[in-house]
Amino acid sequence: MAESRRLLPFMAVYGIMVWLVNGLISPFYPLASKGLTGGAWVQLGCLGVSTALMVILNNSNALIRIYSRMVSASFIALCCLTCFQFNSVSGSIVGLCIIASYLCAFRSYQDKTATGWIFYAFLCLGMASLLFPQLFFFIPVFWMFMMFQLFSFSLRTFMASIIGLLTPYWFLMAYFLWQGDFNWITTHFQSLADLPFPYDYHQLTVGQILSYAWIVILFVTGTIHFLHRYLADKIKVRQFYGCFIWMSILCIVAIALQPQHYDCLMRLLIINVVPLIGHFLALTRTRITNIAFIVISVVTLLLTVFNLWMPSLTF
């Protein structure tokens with residue numbers, strides 16, 4: 001199944017079916033009527049484009065050393081698992097920008113003059129921060145990746161990252177200057193100081209907690225397998241997986257400490273976990289791991305059904 005060419009089309013149909021079922025249980029609203037908090041077709045479009053970018057990310061960087069669509073298939077499966085996020089268009093746009101940022105940043109591997117790719121990578125991060133300002137806390141992490149994982153950090157690429165990050169805000173500043181109203185900018189950056197303590201976990205549903213716990217288990221499984229077999233991969237691929245592992249750890253901690261940002265942080269976590277679990281599912285052939293594949297598939301499907309069923313209790 002991991003090497004089948006039918007896997008991705010099958011998962012695409014599966015994703016559309018879950019989206020439709022979720023829409024029947026929790027009706028969506030047009031984008032125009034609820035701003036960036038609704039819009040089923042925009043959500044489906046973002047999911048489709050994000051999946052296509054995951055395919056490109058896998059193929060262009062050889063994340064799995066055999067032909068396999070397991071990374072993109074796992075992405076669809078985990079997105080469907082967290083189907084309660086389907087009504088958040090802003091979260092979908094953030095996830096799309098993060099994938100595009102990885103795609104551009106990885107092109108700069110061992111190239112300290114790749115100012116163009118770094119600019120585009122941080123431009124995507126800047127656009128995502130317009131909807132999720134807490135992403136600014138992760139920017140130093142991306143600089144660390146440039147230094148120690150991608151080996152592309154230099155004064156030129158650092159300046160390119162600053163310019164790319166600020167470019168969306170320059171356009172907004174021109175618009176607000178024309179409007180004569182800067183309240184949005186003030187409120188936007190003030191939200192960075194919104195770090196409540198003690199943490200309010202009561203705002204999380206049972207489905208959100210179970211989904212978080214399961215994805216953490218998948219992360220641990222994929223990470224242990226990769227660290228056990230990493231010598232079989234090229235050095236370049238190992239560096240990329242290092243980015244995924246460290247970013248996953250940061251997202252896991254961030255969700256635990258700031259659950260009010262669950263929506264965007266969970267999308268970021270899924271993006272970083274799917275290469276790890278895809279690597280595990282595609283490159284293992286033992287009897288135990290084959291059983292693990294079945295268990296992972298069944299549990300993921302059951303949790304997806306559970307998250308679809310929960311809203312029907314209040315429908």
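Computed from a predicted model, the values in this text were never measured in an experiment. Computed from heavy atoms alone, side chains included, the values below leave out hydrogens, waters and symmetry copies.
- Although no hydrogens or angles enter the test, the distance criterion places no donor-acceptor pair under 3.5 Å between the side chain of Gln258 and the main chain of Ile255.
- Under 3.5 Å, the side chains of Thr300 and Ser297 contain no donor-acceptor pair of N or O atoms.
- By the neighbour-count criterion of 12 heavy atoms within 6.0 Å, atom OH of Tyr120 is sparsely surrounded, having that number or fewer from other residues, nucleotides or ligands.
- Contact between Asp233 and His279 at its shortest, heavy atoms only, is OD2-NE2, 2.9 Å.
- One N or O on the side chain of Asn290 and one on the backbone of Thr286 form a donor-acceptor pair closer than 3.5 Å.
- Within a 6.0 Å radius of CZ in Arg285, more than 12 heavy atoms belonging to other residues, nucleotides or ligands are found.
- In summary, the side chains of Gln43 and Ser92 do present a donor paired with an acceptor at a separation below 3.5 Å, with no hydrogens or angles considered.
- Surrounding CH2 of Trp170 are more than 12 heavy atoms belonging to other residues, nucleotides or ligands, all under 6.0 Å away.
- Aromatic ring centres of Phe158 and Trp143: separated by under 6.0 Å.
- Crowding of Tyr230 atom OH: a count of heavy atoms from other residues, nucleotides or ligands under 6.0 Å not exceeding 12.
- Under the 4.5 Å side-chain criterion, counting only non-hydrogen atoms from C-beta, Val71 is not in contact with Ser74.
- Taking 4.5 Å as the limit, some side-chain heavy atom of Tyr212 sits within range of a side-chain heavy atom of Ile252.
- Under the 4.5 Å side-chain criterion, counting only non-hydrogen atoms from C-beta, Leu8 is in contact with Thr51.
- Contact of the Cys243 side chain with the Phe142 side chain is not registered, since no non-hydrogen atoms from C-beta on lie closer than 4.5 Å.
- Taking the six-membered ring where tryptophan is involved, the planes of Tyr262 and Phe84 are tilted, since the angle between them lies from 30° to 60°.
- Residues Thr284 and His225 are in side-chain contact: their nearest non-hydrogen atoms beyond the backbone lie under 4.5 Å apart.
- When ring centroids are compared, Phe106 and Phe244 come within the 6.0 Å threshold.
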With side-chain hydrogen bond (donor to acceptor under 3.5 Å, both in side chains) as the test, would you mind laying out the steps for Asn272 and Tyr102 before giving the verdict? CA-CA 10 Å; Asn272 288 277; Tyr102 273 138; 2.5 Å; yes
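- Within a 6.0 Å sphere centred on CZ of Phe10, heavy atoms belonging to other residues, nucleotides or ligands number 12 at most.
- When atom types are taken as modelled, the side chain of Tyr14 and the backbone of Ala77 share no donor-acceptor pair closer than 3.5 angstrom.
- Under the 4.5 Å side-chain criterion, counting only non-hydrogen atoms from C-beta, Leu265 is in contact with Phe138.
- A donor-acceptor pair under 3.5 Å is formed between the side chain of Gln85 and the backbone N or O of Asp263.
- Judged by the 6.0 Å and 45° rule, Arg229 forms no cation-pi pair with Phe280.
- The environment of CD1 in Ile235 is sparse: at most 12 heavy-atom neighbours from other residues, nucleotides or ligands sit within 6.0 Å.
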Report the C-alpha separation of Ser211 and Asn307 in whole Å, then their side-chain angles, then the decisive distance to 0.1 Å, and conclude whether the side-chain hydrogen bond (donor to acceptor under 3.5 Å, both in side chains) test is met. CA-CA 9 Å; Ser211 300; Asn307 288 331; 3.0 Å; yes
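- Counting heavy-atom neighbours within 6.0 Å of Ile66 CD1, excluding the residue itself, gives a total above 12.
- With contacts defined as side-chain heavy-atom distances shorter than 4.5 Å, the pair Leu269/Ser248 qualifies.
- Across Phe293 and Met70, no two heavy atoms sit closer than the pair CE1-CE, 4.2 Å.
- Heavy-atom neighbours of Trp214 CH2 from other residues, nucleotides or ligands within 6.0 Å: above the threshold of 12.
- With ring centers used as reference points, Tyr169 lies under 6.0 Å from His188.
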